[in-house]
Amino acid sequence: MCVLHHVTMRRMSTPIEDNNLQNTPHWRIFLFLKSIWLVRIFLLVLIVVSFGPTWIGHMQYALNPYVFNDDALQQIWPFLKYYDPSLFKHDYIAQYYLDCMPLGYKGLYILVAKVMDPRVFSKVMIYPLYLFFVMIMARMARRLAGEIGMWACIFLLMSMVMTMGRMTGGLPRTFAFPLISLMLMCLLEKRPWLLALTVVMGSLFYPVAAVIGGVSLACWLLLLDRRNRDLDEACWGLRKRIILVGATGILTVACVSPTLNAASQYGNKIDAQAVKDFPELTVGGRYNLIDSYPFEPLWRSVARPCVNFPMRQGKPWPILGTWGKDTLIYKQITLSHCLLWTFWGVGLLLCLVRAWRDPVYCRLVMYVFICMVLYVVSRAIYPTLYMPARYTEYMLVILLMLMVFLAPVSIGHWIAIHFKHKCLSVSVTIVLCVSGVLSQVNRGDAKSGYKVIDIYTHPVMNVLGNLEPDVMIAGWFLNPIQAVPYLHERSVLVSYELHQLFHRFYALEMRARTLAVIDAYYAQSVEDVKRLRDKMGVTHLLIQRSHFKHTARYFWPYHIYIYERFKQTKMPTLLAGPLKTAFVYEDEHFILLDLRQIQ
């Protein structure tokens with residue numbers, strides 16, 4: 001424990017530079033350094049033993065082609081056209097997604113698709129990025145809470161389902177945690193050049209991070225006073241600071257502009273004034289409550305991650321009550337939650353107090369404040385800055401991870417100063433940190449970010465995959481139809497995952513396709529089915545038998561129209577009569593029609 005104490009209290013100096021060790025015999029210094037590394041190796045082995053099986057399980061799921069992240073059904077399969085030029089040649093949806101992707105992300109996948117399947121790459125790339133994120137967090141935790149706090153932070157981070165879940169899939173958001181944490185590290189360590197480079201990288205891979213980092217760079221170099229800016233004024237005069245901020249802004253705009261120009265062909269973005277024409281954007285529509293207009297207020301956006309931050313629920317900790325029943329911040333409150341919330345609350349209070357006298361904490365508070373302001377601004381000018389929640393959810397997780405063990409380490413430091421008792425100090429620090437870790441740490445979730453859905457292996461999926469590459473398939477908008485482009489490389493007319501509402505022309509096209517599918521699915525005559533073929537170019541229609549026993553579901557406001565068509569449909573009769581000749585596959589669950597066979 002004394003070894004960990006020395007490492008924690010003197011992390012900014014080397015053992016040779018410490019006054020207490022300058023007169024110490026060399027053999028004692030050697031044993032001291034050796035004992036430090038033995039402890040570090042032990043903790044590293046403990047992490048591998050504790051979380052290794054979970055990560056191996058996660059990789060095993062990744063090896064299964066039928067297991068993937070939901071959002072990969074949107075953003076990964078369009079790159080298959082670069083892997084196999086015969087695929088998705090004239091697919092409107094694939095081109096839309098490609099045009100709207102960040103330039104660097106798109107370029108990376110196009111380059112990779114020349115040599116390997118982008119679906120495989122999307123599963124592999126997350127592991128080095130997550131390791132990089134853990135290293136950045138460990139570095140910041142060590143700076144703020146010492147070596148003990150750093151190891152406690154690593155243990156907690158390795159077990160967090162949310163962080164791995166958000167990074168799984170190989171999507172643009174996979175870069176969010178690494179970029180946003182790296183930007184904060186640059187602020188804490190006074191590295192403006194690296195921060196500027198990270199802002200440009202953000203514009204290439206995750207533009208939300210570029211906005212956060214760009215505003216932070218400008219506020220740090222141009223708005224903070226000399227003490228809190230904490231730079232060598234001889235090297236960082238006003239002119240140099242203005243040039244760096246300006247050049248970063250110009251490069252960022254240059255990197256984002258091609259994507260904005262390409263996306264403009266799909267119409268203006270659907271703003272607040274246009275929401276009345278697109279009720280799909282409101283609560284109950286296409287997106288969840290967090291991302292539905294008019295969006296939750298700032299206090300709820302901040303409270304939700306804070307309340308949901310503790311991972312362990314119920315056993316073995318007693319349930320003390322509930323919070324926010326029937327809301328997104330509902331939580332069964334246990335003793336473990338109270339312990340971690342106490343640590344986090346005290347840590348945040350210490351951070352605010354130290355911000356008055358310590359430039360490092362001042363810049364940390366500035367970073368958090370900027371993210372909150374950007375949430376408010378993004379909510380007011382939606383969708384110019386994308387979804388408002390993206391400006392707080394990543395930042396708050398990073399902040400919580402850094403602050404949660406600041407309190408135990410500070411208590412130990414206070415004991416060391418006032419009681420002059422090193423062993424007591426480090427003992428209290430370790431006990432508090434270990435109790436915080438044990439109250440929350442589980443072994444993670446091997447399926448974090450993935451879903452195992454049995455219907456993906458149904459025989460009808462293989463039938464769809466064996467159709468000609470240029471077919472256009474329609475079916476009900478949820479599974480299994482939404483997985484067809486990703487799994488079997490065939491175009492679909494519309495699906496839930498592909499039904500986006502950011503650009504007016506694209507949203508209107510998806511609305512027209514959705515209504516056409518509903519009309520044909522719950523047809524009143526053969527003409528309704530033929531209209532889907534003749535006007536929309538659909539070659540095959542997948543029917544699910546259970547949808548004629550009860551109404552199929554979809555989001556607001558389509559369910560009203562669906563119910564009306566369901567009551568009037570004659571599709572079961574048509575399937576038994578005129579459409580029988582168009583059957584190409586039939587079982588107890590599905591019927592596949594070749595619409596080209598209908599006369």
Side-chain angles (χ1 to χ4, degrees), residues 64-99 109-110 113 116-123 169 451 453-500 506 509-510 512-514 516-518 520-521 529 532-544 547 579 582-587 589-598:
N64 187 340
Y66 294 97
V67 177
F68 41 82
N69 185 271
D70 279 352
D71 288 341
L73 299 177
Q74 305 172 17
Q75 302 176 52
I76 301 301
W77 66 268
F79 291 108
L80 289 170
K81 67 185 299 182
Y82 298 101
Y83 182 63
D84 183 349
S86 67
L87 300 175
F88 308 117
K89 286 183 177 180
H90 307 290
D91 194 299
Y92 175 80
I93 296 176
Q95 194 58 47
Y96 172 76
Y97 274 96
L98 291 172
D99 288 339
Y109 267 89
I110 292 175
M116 68 180 296
D117 192 327
R119 292 168 294 191
V120 175
F121 178 72
S122 70
K123 294 181 176 182
K451 284 188 178 180
I453 301 178
D454 293 337
I455 201 171
Y456 291 158
T457 58
H458 192 281
V460 73
M461 297 294 283
N462 292 327
V463 175
L464 294 172
N466 289 328
L467 297 175
E468 311 91 285
D470 60 344
V471 298
M472 174 65 74
I473 303 168
W476 202 253
F477 316 104
L478 306 174
N479 287 319
I481 203 69
Q482 63 182 1
V484 170
Y486 181 92
L487 282 176
H488 296 293
E489 305 162 1
R490 297 297 180 264
S491 296
V492 298
L493 186 69
V494 61
S495 73
Y496 174 80
E497 288 292 343
L498 303 177
H499 195 153
Q500 299 296 334
Y506 183 83
E509 177 66 20
M510 291 302 103
R513 293 186 178 196
T514 299
V517 171
I518 295 171
Y521 205 85
V529 181
L532 181 68
R533 177 194 65 190
D534 299 337
K535 290 191 174 182
M536 295 294 172
V538 173
T539 60
H540 293 78
L541 177 62
L542 181 65
I543 302 292
Q544 194 166 339
H547 290 161
L579 298 180
F583 283 26
V584 294
Y585 177 84
E586 180 183 10
D587 63 23
H589 300 293
F590 295 99
I591 299 172
L592 181 62
L593 302 177
D594 186 343
L595 304 190
R596 296 169 296 186
Q597 304 300 321
I598 301 175

key: Any residue meeting side-chain hydrogen bond (donor to acceptor under 3.5 Å, both in side chains) with Y97, in chain and number order, not counting sequence neighbours   = Q500
ask   = Nearest heavy-atom pair of A582 and I598: which atoms, and what distance?
value = CB-CG1, 3.9 Å
task = Determine whether L80 and P118 make a side-chain contact, defined as any pair of heavy atoms from C-beta on separated by less than 4.5 Å.
result = yes
inquiry  = In this structure, is the centre-to-centre distance between the rings of Y82 and Y109 below 6.0 Å?
reply    = no
key: Atom pair CG (L73) and OH (Y486), whose distance is rounded to the nearest 0.5 Å   = 8.0 Å
message = Checking K451 against V67 for the side-chain contact (heavy atoms from CB on, under 4.5 Å) test, could you report, in this order, the C-alpha distance in whole Å, the side-chain angles of both residues, the deciding distance, and whether it holds?
response = CA-CA 6 Å; K451 284 188 178 180; V67 177; over 6 Å; no
query = Do you see a donor-acceptor pair shorter than 3.5 Å between the side chains of Q95 and D99?
reply = yes
inquiry  = Please report the interatomic distance CG(L592) to CD(E586), rounded to the nearest 0.5 Å.
reply    = 11.0 Å
query = With D470, which residues qualify under side-chain contact (heavy atoms from CB on, under 4.5 Å), at least two apart?
reply = E468
task = Answer yes or no: is there a donor N or O on one side and an acceptor on the other, between the side chain of R119 and the main chain of P65, under 3.5 Å?
result = no
key: Interatomic spacing from CG in L493 to OG1 in T514 - rounded to 0.5 Å   = 8.0 Å
inquiry  = Is there a side-chain contact between W77 and I93 in this structure, where contact means two heavy atoms from C-beta onward sitting under 4.5 Å apart?
reply    = yes
ask   = What do the steps show when you test M461 against L487 for side-chain contact (heavy atoms from CB on, under 4.5 Å), and what is the final call?
value = CA-CA 8 Å; M461 297 294 283; L487 282 176; 4.0 Å; yes
query = To the nearest 0.5 Å, what is the distance between CG (L464) and NE2 (H458)?
reply = 10.5 Å
request  = Enter the distance from F583:CZ to L593:CG here, rounded to the nearest 0.5 Å.
outcome  = 5.5 Å
task = Carefully, step by step, assess Y92 and E509 under the rule side-chain contact (heavy atoms from CB on, under 4.5 Å).
result = CA-CA 10 Å; Y92 175 80; E509 177 66 20; 3.7 Å; yes
key: Distance in Å, S122 OG paired with D71 CG, rounded so as to fall on 0.5 Å steps   = 12.0 Å
request  = Show the numbers, then the answer: is there a side-chain contact (heavy atoms from CB on, under 4.5 Å) between W476 and H547?
outcome  = CA-CA 9 Å; W476 202 253; H547 290 161; 3.6 Å; yes
Basic-acidic side-chain contact under 4.0 Å: E489, K81 = no
